[in-house]
Amino acid sequence: MKPAPFRYFRPDTADEALELLAEYGSQAKLLAGGQSLIPTMNFRLSQPAVLIDLNRLGDLAWIEEARRGLKIGAMTRQRAAERSDAVRSGAPLLSEAIPFISHPQVRNRGTIGGSLAHADPAAELPALMVALDAQFLVRNRGAERRVPAADFYTGLFATALAEDEMLLSVEVPKVPKRTGWAFEEISRRHGDYALVGVATTLTLDRKGRCDDARIVLLSVGEGPVTASEAVAGLKGQEPTTDAVRLAAEVTATRDIDPPSDIHASSAYRRQLARVLTSRALTRAAARARGERGSAGEAR
């Protein structure tokens, strides 16, 4: 339960951290909240030669309401986002889902950017950012670029970040009019990783038909999985009970290929995906129509 030896740096600015990344490259790991990295280091599943501690970078811990949406610094603690009025109004799906992340003690230390960059396929935040059509601002010593959340995740614990790049912030676009949202997940115990989770958004046109939708699942693949075929079938349709049931069926049978493990079989995960997608779409549609009693509850 002790990590392998490593060199430790604690930069005061993002520029200093990027200089260290440029120097050490693949030998280095960035330490944000440490809720995932430190346990893997203690078990020696991860053995970086260099650890770059970002916890002095207060300039990356902020939440800002912008003209085009909501911006969140990568070092913002999950608990701060959970309690933020700006997140509650600007990204209500995110606000609804954050309480599902582990326990308050973990959210007190865990950061938004740390979870996104870690890219755990069972984590809530990556799937949420894909569902929200977020943009990630990443930078190295010489340049910065924007990466859509949908393009950021490239495989199991893999992202589009280069060895010398760091995630600086996330931008979530404004919620369009007549848009509803919902998040659902099932875990074996409170605070465990979800067996399956579903993040949804649903935008209606003036006639009450689906103009746009997103259905993104977690814990069913090597990263966030978008239910593209189900969304294609929903567009242009009124989200009736039958339409929602069909979308949930397509999600479970065509859009995902979940693994089996010691926690759940593939067939059980498909069933969970079917049920949770139906629940989430039903609540999202009710919210999009402005119906009362559609707020739902997070645990």
Side-chain angles (χ1 to χ4, degrees), residues 69-70 78 81-82 84 87-101 122-134 149-150 172-187 190 193-205 208-220 224-235 237-252 255-256 269-299:
L70 184 72
Q78 294 161 12
E82 179 182 357
S84 168
V87 173
R88 194 171 295 111
S89 60
L93 173 62
L94 181 60
S95 183
E96 175 170 283
I98 288 178
F100 285 88
I101 300 173
E124 290 84 359
L125 286 173
L128 288 165
M129 292 304 172
V130 175
L132 290 167
D133 197 23
V172 178
K174 283 188 175 181
V175 179
K177 293 181 180 179
R178 296 184 295 277
T179 295
W181 65 91
F183 181 81
E184 297 277 351
E185 75 168 41
I186 291 289
S187 58
H190 172 71
Y193 281 114
L195 298 175
V196 174
V198 182
T200 60
T201 63
L202 181 69
T203 302
L204 301 179
D205 64 18
R209 297 172 301 196
C210 176
D211 185 54
D212 194 16
R214 286 177 180 268
I215 305 169
V216 185
L217 296 96
L218 57 102
S219 281
V220 297
V225 177
T226 299
S228 303
E229 191 170 340
V231 168
L234 268 177
K235 286 186 177 180
Q237 305 295 318
E238 184 180 348
T240 61
T241 300
D242 287 342
V244 165
R245 186 182 296 115
L246 178 58
E249 182 67 22
V250 171
T251 296
D255 281 318
I256 63 172
R269 282 194 164 95
R270 286 188 191 275
Q271 175 62 9
L272 288 180
R274 182 182 290 108
V275 172
L276 296 181
T277 300
S278 179
R279 290 178 184 174
L281 284 174
T282 298
R283 287 204 296 123
R287 281 171 163 159
R289 290 189 289 259
E291 295 176 3
R292 291 186 178 184
S294 59
E297 293 181 0
R299 71 179 178 199

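Quick caveat: nothing in here was measured; it's all calculated off a predicted structure. Values below: all heavy atoms of this structure, side chains included; hydrogens, waters and symmetry mates excluded.
- No side-chain donor-acceptor contact under 3.5 Å links Arg88 to the backbone of Ser95.
- Side chains of Leu204 and Pro239 form a contact here, defined as non-hydrogen atoms less than 4.5 Å apart.
- A distance of 6.5 Å separates CG in Leu281 from CG in Leu202, rounded to the nearest 0.5 Å.
- A donor-acceptor pair under 3.5 Å is formed between the side chain of Glu96 and the backbone N or O of Phe183.
- Distance alone, capped at 3.5 Å, is enough to place a donor-acceptor pair between the Arg270 side chain and the Ala252 backbone.
- Within the 4.5 Å cutoff, side-chain heavy atoms of Val196 are placed close to those of Val220.
- Leu234 places none of its side-chain heavy atoms less than 4.5 Å from the side chain of Leu246.
- To the nearest 0.5 Å, atoms CZ (Phe100) and CD (Glu185) are separated by 6.0 Å.
- In this structure, Arg269 contributes its side chain and Ser219 its backbone to a donor-acceptor pair below 3.5 Å.
- When atom types are taken as modelled, the side chain of Arg214 and the backbone of Val130 share a donor-acceptor pair closer than 3.5 angstrom.
- Nearest heavy atoms, Ala284 versus Ala182: N-CB, 4.1 Å.
- When all heavy atoms of Ala194 and Gly197 are compared, the closest pair comes out as CB-N, 4.4 Å.
- Across every non-hydrogen atom of Glu82 and Pro99, the tightest pair is OE2-CG, 3.8 Å.
- Considering only heavy atoms from C-beta on, Val231 comes within 4.5 Å of Ile215 through its side chain.
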Assess whether side-chain contact (heavy atoms from CB on, under 4.5 Å) is satisfied between Thr277 and Glu249, documenting all intermediate values.
CA-CA 9 Å; Thr277 300; Glu249 182 67 22; over 6 Å; no
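- Separating the CG atom in Leu93 from the OG1 atom in Thr179 is a distance of 11.5 Å, to the nearest 0.5 Å.
- The heavy-atom pair separating Ala199 from Leu128 by the smallest distance is CB-CD2, 3.9 Å.
- Formation of a donor-acceptor pair under 3.5 Å by the Thr282 side chain with backbone atoms of Ser278 is found in this model.
- Under the 3.5 Å distance criterion, the side-chain polar atoms of Arg289 are left unmatched by any main-chain donor or acceptor of Gly208.
- The two atoms that bring Arg178 and Ala288 nearest to each other are O-CB, 3.5 Å, heavy atoms only.
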Begin with the C-alpha distance, continue with both residues' side-chain angles, and end with the deciding distance and a verdict on side-chain contact (heavy atoms from CB on, under 4.5 Å) for Leu125 and Leu94. CA-CA 8 Å; Leu125 286 173; Leu94 181 60; 3.6 Å; yes
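- Minimum interatomic distance between Val172 and Ala91 (heavy atoms only, all atoms of both residues): CG1-CB, 4.2 Å.
- Arg209 pairs in a salt bridge (charged side-chain N to carboxylate O under 4.0 Å, His left out) with only one of the listed residues (Asp211, Asp205, Asp212), which is Asp205.
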